[in-house]
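What follows is a single structure, written as structure tokens, with notes after it.
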Amino acid sequence: MVHLARGVSLMDREATAAWFLWLILVFHPLARVLANTEGDALHNLRTSLTDPNDVLQSWDPTLVNPCTWFHVTCNNDNSVIRVDLGNAQLSGTLVPQLGLLKNLQYLELYSNNISGIIPSDLGNLTNLVSLDLYLNNFTGQIPDTLGRLTNLRFLRLNNNSLSGQIPVSLTNISALQVLDLSNNNLSGGVPSNGSFSLFTPISFANNPLLCGPGTTTPCPGAPPFSPPPPFVPPSPPSSQGSSTSSTGAIAGGLLLELPYCAAPAIGFAWWRRRKPQEYFFCPC
Ligand SMILES: *[C@@H]1O[C@H](CO)[C@@H](O)[C@H](O)[C@H]1NC(C)=O
Ligand SMILES: *[C@@H]1O[C@H](CO)[C@@H](O)[C@H](O)[C@H]1NC(C)=O
Ligand SMILES: *[C@@H]1O[C@H](CO)[C@@H](O)[C@H](O)[C@H]1NC(C)=O
Ligand SMILES: *[C@@H]1O[C@H](CO)[C@@H](O)[C@H](O)[C@H]1NC(C)=O
Ligand SMILES: *[C@@H]1O[C@H](CO)[C@@H](O)[C@H](O)[C@H]1NC(C)=O
Ligand SMILES: *[C@@H]1O[C@H](CO)[C@@H](O)[C@H](O)[C@H]1NC(C)=O
Ligand SMILES: *[C@@H]1O[C@H](CO)[C@@H](O)[C@H](O)[C@H]1NC(C)=O
């Protein structure tokens with residue numbers, strides 16, 4: 001009996017050891033594969049980019065995770081939260097796998113020569129706070145999936161060659177604080193509702209095919225565009241006639257070019273009427 005019991009307990013121990021071995025063999029590699037989803041996604045990006053200065057040299061896909069790679073920041077759970085590759089002279093294209101970096105908050109790729117489209121998969125990065133792709137050579141449309149990035153505060157896509165319409169889904173991003181779409185080839189109407197009520201024409205400048213509020217062109221079918229009425233000075237005292245009307249013309253020009261300057265300009269112009277010899281400067 002004693003002998004048999006000892007045999008059973010020996011078999012128990014062997015079974016336990018085998019169980020642990022099985023755990024190590026099966027779960028450890030599996031855990032590694034899971035943990036390195038993000039490393040694999042970033043390594044995919046590396047292979048899709050041309051990197052003349054070897055800034056991605058430390059991006060070694062055989063490491064357990066990408067958290068020791070340069071230009072990559074992880075949280076305490078070894079999940080990537082930042083990719084900082086601004087001004088790195090990278091060219092090539094982005095990869096859809098970037099959409100797998102589920103905890104990413106900052107994607108900083110500004111001032112490179114990256115071309116191709118902005119992958120719609122970036123709309124899966126729902127923790128993204130900042131998407132900086134400005135000063136590159138991106139083409140194609142702004143994906144409307146970006147409207148799902150409800151935590152986004154900074155969206156800077158300026159100085160690329162993006163075309164097509166501005167997706168209205170972006171008006172849904174209530175956290176959005178900074179938007180720069182200037183210097184592209186966007187077309188169609190500029191939304192002005194939702195988060196877009198904050199943004200001034202500066203955000204949309206130099207997209208000649210845009211129309212509507214915040215641009216110089218009315219959209220076809222929209223109510224006729226009404227520029228602010230030119231400043232008409234009240235009938236001047238006869239001795240100051242000519243200088244007063246030239247002040248009016250300058251103020252009118254300011255009204256057309258710099259609408260936000262209008263109120264102080266009108267006030268200043270009124271004041272200026274009495275001091276015609278001085279030069280007129282915009283006070284803003
Ligand atoms: C982009 O590439 C052009 C030449 O193709 C080069 O002149 C320019 O400096 C590059 N810009 C950046 C930011 O690397
Ligand atoms: C992003 O989400 C879309 C729709 O849910 C899905 O089809 C796509 O595979 C996802 N992309 C990635 C890289 O996970
Ligand atoms: C990329 O854009 C920059 C300006 O942002 C321009 O100087 C450069 O020539 C472009 N490169 C290509 C390959 O189009
Ligand atoms: C962006 O593009 C505009 C128009 O091409 C250009 O004037 C401006 O200098 C560019 N911005 C930068 C930072 O290069
Ligand atoms: C904005 O969000 C609401 C609620 O999630 C959704 O129903 C609507 O379709 C979105 N609008 C756009 C233009 O994406
Ligand atoms: C801008 O986009 C329009 C189509 O929307 C296209 O016809 C035109 O060639 C583009 N211009 C540039 C400079 O890419
Ligand atoms: C803004 O207006 C468009 C329709 O013009 C609508 O689809 C979109 O949901 C609106 N956005 C918000 C935040 O109400």
Side-chain angles (χ1 to χ4, degrees), residues 49-50 52-53 55 83-94 106-120 122-226 257-258 260:
L49 293 173
T50 303
N53 294 347
V55 300
V83 174
D84 288 284
L85 286 168
N87 276 312
Q89 294 199 19
L90 299 168
S91 58
T93 60
L94 298 186
Y106 293 83
L107 183 55
E108 305 297 326
L109 296 172
Y110 55 85
S111 264
N112 284 292
N113 261 330
I114 305 173
S115 56
I117 61 158
I118 299 175
S120 61
L122 296 189
N124 301 19
L125 301 173
T126 50
N127 288 301
L128 212 55
V129 168
S130 177
L131 179 56
D132 281 327
L133 304 181
Y134 57 92
L135 289 164
N136 276 290
N137 297 70
F138 287 107
T139 53
Q141 308 205 352
I142 301 173
D144 47 59
T145 52
L146 297 189
R148 306 207 301 247
L149 303 177
T150 51
N151 290 305
L152 201 62
R153 295 208 295 263
F154 305 90
L155 178 58
R156 286 174 285 216
L157 306 178
N158 52 290
N159 292 69
N160 280 291
S161 302
L162 298 169
S163 56
Q165 304 211 351
I166 299 174
V168 286
S169 63
L170 300 182
T171 62
N172 257 356
I173 310 177
S174 52
L176 203 57
Q177 289 169 1
V178 175
L179 175 71
D180 196 343
L181 304 178
S182 65
N183 301 301
N184 277 294
N185 188 25
L186 298 168
S187 56
V190 176
S192 56
N193 60 337
S195 61
F196 275 51
S197 61
L198 287 177
F199 303 121
T200 65
I202 296 165
S203 296
F204 312 105
N206 200 15
N207 286 281
L209 305 176
L210 281 180
C211 67
T215 72
T216 51
T217 324
C219 289
F225 189 58
S226 50
E257 277 182 43
L258 300 166
Y260 51 85

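Note that ligands are numbered from 1 as they come in the structure, with each ligand's atoms numbered from 1 the same way. From a predicted model like this one, the values you see are computed outputs, not experimental measurements. Residue indices begin at 1 and follow the sequence shown.
Heavy-atom proximity to N183, at under 4.0 Å, picks out these atoms of ligand 4: 1 (C), 2 (O), 3 (C), 4 (C). Interface of N172 with ligand 7, defined as ligand atoms under 4.0 Å from a residue heavy atom, comprises 13 (C). The N185 neighbourhood of ligand 6 comprises atoms 1 (C), 2 (O), 3 (C), 8 (C), 10 (C), 11 (N), 12 (C), 14 (O), with distances under 4.0 Å to a heavy atom of that residue. Near G194, with a cut-off below 4.0 Å to any heavy atom, the atoms of ligand 7 are 13 (C).
Given atom 7 (O) of ligand 7, the protein heavy atom at minimum distance is V168 CG2, 4.2 Å. The protein heavy atom nearest to atom 4 (C) of ligand 7 is N193 ND2, 4.7 Å. Protein heavy atom closest to atom 14 (O) of ligand 4, with residue, atom name and distance, is L135 CD2, 3.5 Å. Residue, atom and distance of the protein heavy atom nearest to atom 6 (C) of ligand 4 are N159 ND2, 4.1 Å. Of the protein's heavy atoms, L209 CD1, 3.9 Å lies nearest to atom 5 (O) of ligand 6.
Only side-chain heavy atoms of N206 come within less than 4.0 Å of ligand 4; its backbone N, CA, C and O stay farther off.
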Take I166 and L210 through the side chain to side chain contact (heavy atoms under 4.5 Å, CB included) test and state the conclusion after the steps.
-> CA-CA 9 Å; I166 299 174; L210 281 180; 4.0 Å; yes
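The side-chain heavy atoms of N112 and L49, taken from C-beta on, include no pair separated by under 4.5 Å. Counting heavy atoms from C-beta outward, F204 and L186 have side chains that stay 4.5 Å or more apart. For the pair L146/L122, a side-chain contact is recorded, criterion being any heavy-atom separation below 4.5 Å from C-beta on.
Contact annotation for atom 11 (N) of ligand 6: protein present (non-hydrogen atoms, distance under 4.0 Å).
Contact between T171 and V168 at its shortest, heavy atoms only, is OG1-O, 2.6 Å. The heavy-atom pair separating N160 from F138 by the smallest distance is OD1-N, 3.0 Å.
Considering backbone and side-chain N/O of T171, one or more are found under 3.5 Å from N/O of ligand 7.
Atom OG1 in T139 sits 8.0 Å away from atom CD1 in I117 (nearest 0.5 Å).
A donor and an acceptor atom, one from each side chain of R148 and N124, are located under 3.5 Å apart.
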